[in-house]
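First the proteins, then the strands, lettered A, B, ... as listed; each starts at 1.
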Amino acid sequence: MALLCASTSPTISIPHPLLSPLKPPATFLCHSSSSKTSAATASSPTADQTPSSSSSLSDQLLPLSLTLLTSQPTSPSATVAPPPRLPAKPTWTNPSKPRPTVLALRRQSRRPFSHNPSLRPLTELSRTLRLSPDLPSALAAAFPPGHSPSRDDALLLLNSLRSWQKSLQFLDFLRSLPDFPLDTIFYNVVLKSLRAGHQWHHVERLAGEMIDASVPLDNITYSTIITAAKRCRRFDGALHWFERMYRTGLMPDEVTYSAVLDVYARLGRREEVVTLYERACAGGWRPDAVAFSVLGKMFGEAGDYDGIRYVLKEMKELGVKPNAVVYNTLIQATGKAGKPGLARSLFEEMVAAGVSPNEKTLTSLIKIYGKARWSRDALELWERMKSKGWPVDFILYNTLLSMCADLGLEDEAEKLFEDMRRPDRYARPDSWSYTAMINIYGSGGKPDRAVKMFEEMLEKGVEPNVMSCTCLIRCLGKAGRIGDAVRVFETAMERGIRPDDRLCGCLLSVAALCEEGGETDMVLGCLEKANDRLVGLLKMLRDEQVGFGEIKDEFRGIMNEAAVEVRRPFCNCLIDVCRNQGHPSRRANELLRLGNLYGLYPGLHARTPEEWSLNLRSLSVGAAKTAFEEWMRSLWGSVVEQEEEALPLSFSVCTGSGTHKFSQGLATSFTSHLSKLAAPFRQVDEKSGSFVASKEDLVLWLRSTFSPAFVNA
DNA sequence: TTAGGGTTAG
């Protein structure tokens with residue numbers, strides 16, 4: 001995304017109607033140029049239509065956002081969660097002038113579909129053409145010289161081809177006919193077909209041909225091009241064509257406009273979206289459900305709760321009734337913004353308004369309830385779905401199963417899974433369903449059941465994926481069945497499953513659990529096939545002679561290659577392996593230092609005047625012990641250096657209670673570690689996973705535990 | 001489906 005953003009912010013120099021108007025209504029910013037604008041033509045913009053300075057679209061829109069759209073100037077370059085300029089309604093400063101607009105208020109009209117009396121033979125021909133392996137020959141046979149198809153017949157046939165290659169061939173055929181009226185509509189149909197085939201290169205080429213042949217591009221052309229670019233993730237291309245539209249003097253209508261709002265939203269350019277939205281509203285546009293869906297999704301992705309409330313308020317004020325898509329988008333958005341309560345009340349509002357929830361609504365809600373650990377709400381919703389006969393599909397079933405896996409709801413998961421296995425169900429268990437079941441048994445310490453699930457999956461011909469193998473390997477590793485875990489890995493390799501970073505992290509964690517010697521070597525043998533660099537780093541860590549600088553370089557290289565979400569688990573597991581496999585004792589500390597250096601453990605330490613605390617919630621057991629030891633060592637340093645006065649009266653450690661029913665519980669391991677050390681931390685009664693010690697007790701303990709020289713060790 | 005925009009899973 002970062003790359004995309006960089007490549008889509010080129011300096012754009014366009015005569016944007018907001019700034020250098022091509023049309024009379026947009027004269028408010030360029031008072032002196034109003035007499036020249038009428039001379040502007042669509043195809044040859046003159047020099048004085050170009051903005052005086054080269055700047056990006058966002059820069060060009062900034063003056064507008066400052067003067068018209070908000071009372072609070074915001075930085076145009078803000079890229080991190082800019083607050084939406086919410087209730088600031090556009091104020092029109094000069095009501096005597098017509099409101100400038102950024103979009104045509106009337107949607108482009110379409111020609112009514114003409115009914116063809118000879119539809120039947122045409123239907124047969126369209127089928128023949130659709131199935132023909134050689135379309136040019138089939139067309140030559142169907143339309144010999146002198147028997148060209150009528151315009152409407154050609155359009156109908158073109159529409160029915162369902163293949164972008166054939167659409168292009170059909171277009172070539174029409175071009176070869178003498179005097180065939182090849183107008184914008186034909187190109188639009190082919191563009192749509194290319195879009196379905198994700199053929200961005202051909203889309204741009206064909207649009208270029210339209211320009212060369214002087215076939216006018218209309219709103220439908222532009223919106224098809226822009227959505228094709230989106231589908232191919234060429235957001236730069238989408239913006240390029242949108243800007244070209246203005247350059248040639250064509251005003252977007254609401255369809256093109258909301259397509260572009262979505263482009264800006266997907267680029268995370270929320271400032272532009274809000275500006276463009278408010279700008280169009282000021283010009284008299286009444287946004288519809290699609291526009292609100294785009295805005296709602298964008299605010300949800302940004303976790304912006306105020307933004308979501310703004311969308312709801314705008315819809316209410318403008319009297320736009322949300323449809324199912326808008327509700328779905330907003331429910332999902334509120335979930336992403338961490339507001340499960342609002343998601344639930346939106347859902348109730350939806351049902352009360354008579355809008356039927358569909359599979360997507362229910363999938364989003366179940367996911368939200370699961371994440372919020374609202375098992376009661378989730379199960380009640382499931383009962384309600386069944387009693388109301390709301391639509392269910394396999395994605396919803398799998399989401400329910402995953403929720404059960406996350407919340408440890410084994411019985412409920414088994415019922416759901418049995419339901420899916422019923423022969424009359426179209427929602428048959430797939431690899432996701434089996435993975436969820438393996439996960440449930442794995443977390444519940446039932447490796448035999450998990451293995452049975454895996455075997456059943458293979459028997460039923462359901463191809464395992466990397467996630468199902470990872471879950472089973474983790475489960476077997478935890479149960480100490482290393483040989484079985486290795487066999488599952490080998491099965492995965494034989495079936496052509498490509499190991500990903502999560503599987504590597506899983507193997508690392510299994511390696512940490514192994515007994516030194518043969519078992520570890522077996523697991524590392526697997527890991528070497530998946531990520532030999534990690535195994536290389538482990539060898540370096542084991543070697544006394546390797547210096548910290550070398551470790552640091554290799555660590556950084558590996559983390560840069562790894563997906564962001566696995567970097568901390570990698571570091572945790574590496575520390576565990578070092579502690580459990582007899583590596584030089586300083587290695588765990590070096591790794592923790594590197595993890596801190598590269599920001600893998602944000603918020604590990606916190607200080608208030610009254611209390612210093614250590615937050616171990618995202619650490620593995622080994623990493624937590626290492627972090628605790630380092631902390632104690634640094635506190636001992638303060639004592640030795642006679643800086644005791646600077647210490648607070650209280651110290652706390654937080655491991656988290658592990659809300660997961662089956663979680664191994666860092667709290668448990670850490671409690672026994674503390675008692676082994678005879679450290680004076682005591683569990684706080686009302687808060688499990690929270691430990692405190694007084695300064696007095698801690699200093700006493702430090703003095704009895706460490707020698708004065710230890711701090712320099 | 002019938003020339004154009006927005007919504008579901010580790």
Side-chain angles (χ1 to χ4, degrees), chain A residues 103 107-111 113-116 119 122-123 126 130 152 155-162 167 183-193 195-196 217-228 230-231 238 252-263 265-266 287-298 300 322-333 335 357-368 370-371 391-403 405-406 430-436 438-439 465-468 470-471 500 502 565:
Chain A
L103 86 171
R107 187 187 288 214
Q108 181 182 316
S109 58
R110 297 154 67 115
R111 277 167 44 127
F113 186 78
S114 64
H115 293 282
N116 195 317
L119 206 59
L122 208 58
T123 311
S126 81
R130 192 164 63 239
D152 286 343
L155 199 51
L156 199 142
L157 291 173
L158 179 57
N159 256 313
S160 65
L161 290 174
R162 297 183 199 172
S167 298
D183 59 24
T184 305
I185 297 180
F186 286 92
Y187 284 95
N188 289 349
V189 177
V190 178
L191 285 170
K192 192 180 156 188
S193 168
R195 181 184 65 183
L217 282 70
D218 62 13
N219 258 286
I220 295 175
T221 319
Y222 279 110
S223 55
T224 311
I225 294 172
I226 287 164
T227 50
K230 260 199 299 194
R231 207 166 287 186
D253 66 10
E254 62 177 341
V255 175
T256 319
Y257 205 72
S258 37
V260 168
L261 285 184
D262 191 42
V263 172
R266 286 181 197 216
D288 62 3
V290 176
F292 285 121
S293 180
V294 168
L295 288 182
K297 184 180 178 198
M298 173 184 80
N323 59 18
V325 176
V326 174
Y327 273 119
N328 290 351
T329 312
L330 287 172
I331 286 170
Q332 207 198 344
N358 60 24
E359 297 92 330
K360 290 173 185 173
T361 323
L362 301 167
T363 300
S364 298
L365 268 179
I366 291 294
K367 206 179 146 195
I368 291 166
K371 208 171 132 199
V392 170
D393 66 2
F394 74 101
I395 295 182
L396 177 52
Y397 261 105
N398 285 343
T399 307
L400 280 159
L401 280 177
S402 299
M403 183 269 299
D406 286 342
D430 67 355
S431 61
W432 287 63
S433 330
Y434 280 104
T435 302
I438 290 169
N439 221 348
N465 59 17
V466 66
M467 185 63 81
S468 45
T470 303
C471 290
D500 62 5
R502 287 180 205 231
E565 66 271 15

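- For the pair A/Lys230 and B/dG5, the criterion of a side-chain N or O lying under 4.0 Å from OP1 or OP2 is not met.
- In this model, no side-chain donor or acceptor of A/Asn159 finds a partner on the base of B/dT2 within 3.5 Å.
- A/Ala289 comes within contact range of at least one nucleobase, with a heavy-atom separation under 4.0 Å.
- With sequence neighbours excluded, the residues satisfying side-chain contact (heavy atoms from CB on, under 4.5 Å) with A/Gln332 are A/Lys336, A/Ser364.
- Heavy atoms of A/Phe394 sit under 4.0 angstrom from at least one base atom.
- Taking only distance into account, the side chain of A/Asp288 never meets the base of B/dG6 through a donor-acceptor pair shorter than 3.5 Å.
- Nearest nucleotide to the side chain of A/Arg502, out of B/dG10, B/dG4, B/dG5: B/dG10.
- For B/dT8, the base has a donor-acceptor partner in the side chain of A/Thr363 [N/O atoms by modelled type, under 3.5 angstrom].
- Residue-level contact check: A/Gln332 touches the backbone only, with heavy atoms under 4.0 Å from sugar-phosphate atoms and none from bases.
- Under 4.0 angstrom from either OP1 or OP2 of B/dG5 there lies at least one side-chain N or O belonging to A/Arg195.
- A/Asp500 comes within contact range of no nucleotide atom at all, as no heavy-atom separation falls under 4.0 Å.
- When the nucleotides B/dG5, B/dA9, B/dT7 are ranked by their closest atom to the side chain of A/Asn398, B/dA9 comes out on top.
- Evaluation of the side chain to side chain donor-acceptor pair (under 3.5 Å) rule for A/Arg502 yields no partner, not counting sequence neighbours.
- For A/Thr435 against B/dG10, a side-chain N or O and a base N or O form a donor-acceptor pair under 3.5 Å.
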